[in-house]
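Data block below; observations after.
Computation of the quantities below employed the complete heavy-atom set of this structure, encompassing side-chain atoms and omitting hydrogens, waters and symmetry-equivalent molecules.
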Amino acid sequence: AGLLSPLAVRGGLTFAGVFGSALRSQAPALVGRHFTSILSDQAAGLLQTGEFAYLDIRRLEEGQTVGIPALPEDVVYQMVTSHVAGPRGMYFDPEDWLEKVEEVFPDKSTKLIVGC
C-alpha cells in the first residue's frame with residue numbers, strides 16, 4: 001500500500017501525498033520534513049470527506065497509460081507534473097512546479113492529497 005505524507009511547503013500551502021522517496025529528496029530548502037505516514041485507504045477516506053483535492057504529479061503519459069485513481073465525484077482532480085524531460089533526462093524544478101501548483105490551487109488553504 002502507498003503512504004500518505006503531509007508536506008509543509010512555502011507560502012502556507014500544505015500538501016499531503018502518496019509518493020515515493022524521489023519527491024522527498026528534492027528541494028530541501030522548500031520542504032519541511034515532518035512526515036506522518038498513513039495507508040492509501042486512509043488517504044481515500046480523507047478524499048471522501050470532501051475536504052481535500054487530489055493533485056496528481058505524474059506525467060500525462062503515465063496517467064493515460066495507468067489511469068487515474070477512482071475518486072468521489074465531488075473531488076477536484078488536477079495534474080501538475082513534478083518531473084519533466086530535460087536534455088539529460090527527467091528533472092525536478094521545485095520553483096517552477098510550485099508556481100504551476102499555485103496557479104491551479106490559488107487558495108493556499110486548500111488541502112491536497114498528492115499522488116504519483
Side-chain angles (χ1 to χ4, degrees):
L3 297 177
L4 174 79
S5 300
L7 302 174
V9 181
R10 72 174 177 149
L13 196 59
T14 301
F15 299 89
V18 179
F19 50 84
S21 61
L23 182 61
R24 288 185 293 224
S25 68
Q26 302 296 322
L30 298 176
V31 178
R33 297 181 186 233
H34 305 282
F35 299 101
T36 301
S37 297
I38 65 173
L39 299 174
S40 296
D41 60 346
Q42 292 170 309
L46 290 174
L47 287 168
Q48 291 176 349
T49 67
E51 296 180 28
F52 290 80
Y54 189 87
L55 175 61
D56 190 340
I57 63 171
R58 299 174 299 164
R59 293 183 335 232
L60 178 62
E61 298 82 13
E62 185 178 358
Q64 290 171 335
T65 302
V66 178
I68 63 170
L71 301 172
E73 286 186 31
D74 59 340
V75 170
V76 174
Y77 170 87
Q78 294 288 337
M79 181 179 279
V80 180
T81 302
S82 62
H83 290 71
V84 295
R88 296 183 180 168
M90 301 300 286
Y91 74 97
F92 178 60
D93 179 342
E95 290 292 326
D96 183 56
W97 181 74
L98 284 174
E99 285 178 24
K100 290 175 182 172
V101 170
E102 290 170 346
E103 287 174 14
V104 175
F105 296 104
D107 180 356
K108 294 185 189 301
S109 68
T110 301
K111 296 177 185 178
L112 301 173
I113 300 290
V114 178
C116 69

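- In the hydrophobic clustering, where aliphatic and aromatic side chains (Ile, Leu, Val, Met, Phe, Trp, Tyr) are joined below 4.5 Å either directly or transitively, Val84 groups with Tyr91.
- The structure places CD of Gln48 at 10.0 Å from CG of Leu71, a figure rounded to the nearest 0.5 Å.
- To the nearest 0.5 Å, atoms CD (Glu51) and CD1 (Ile113) are separated by 10.5 Å.
- Atoms CG and CG, on Leu112 and Leu55 in that order, are 6.0 Å from each other to the nearest 0.5 Å.
- Scored by the side-chain hydrogen bond (donor to acceptor under 3.5 Å, both in side chains) test, Gln64 finds no partners at all (sequence neighbours excluded).
- Counting side-chain heavy-atom gaps under 4.5 Å among Ile, Leu, Val, Met, Phe, Trp and Tyr, Met90 is found in no cluster with other residues.
- In plain terms, the two heavy atoms of Leu46 and Phe52 that are nearest each other are O-CD1, 3.5 Å.
- Between the CG atom in Asp96 and the OG atom in Ser82 there is a gap of 11.0 Å [rounded to 0.5 Å].
- Listed by chain and residue number, Ala53, Gln78, Phe105 satisfy the side-chain contact (heavy atoms from CB on, under 4.5 Å) test with Val76 (two or more places apart in sequence, or in another chain).
- The salt bridge (charged side-chain N to carboxylate O under 4.0 Å, His left out) pairs that include a residue from residues 53-62 are Asp56-Arg58, Arg59-Glu61, where partners are two or more places apart or lie in different chains.
- By the side-chain hydrogen bond (donor to acceptor under 3.5 Å, both in side chains) test, Asp93 is found to be paired with no residue, residues two or more places apart in sequence or in another chain being considered.
- Minimum heavy-atom separation, Leu60 to Thr81: N-OG1, 4.1 Å.
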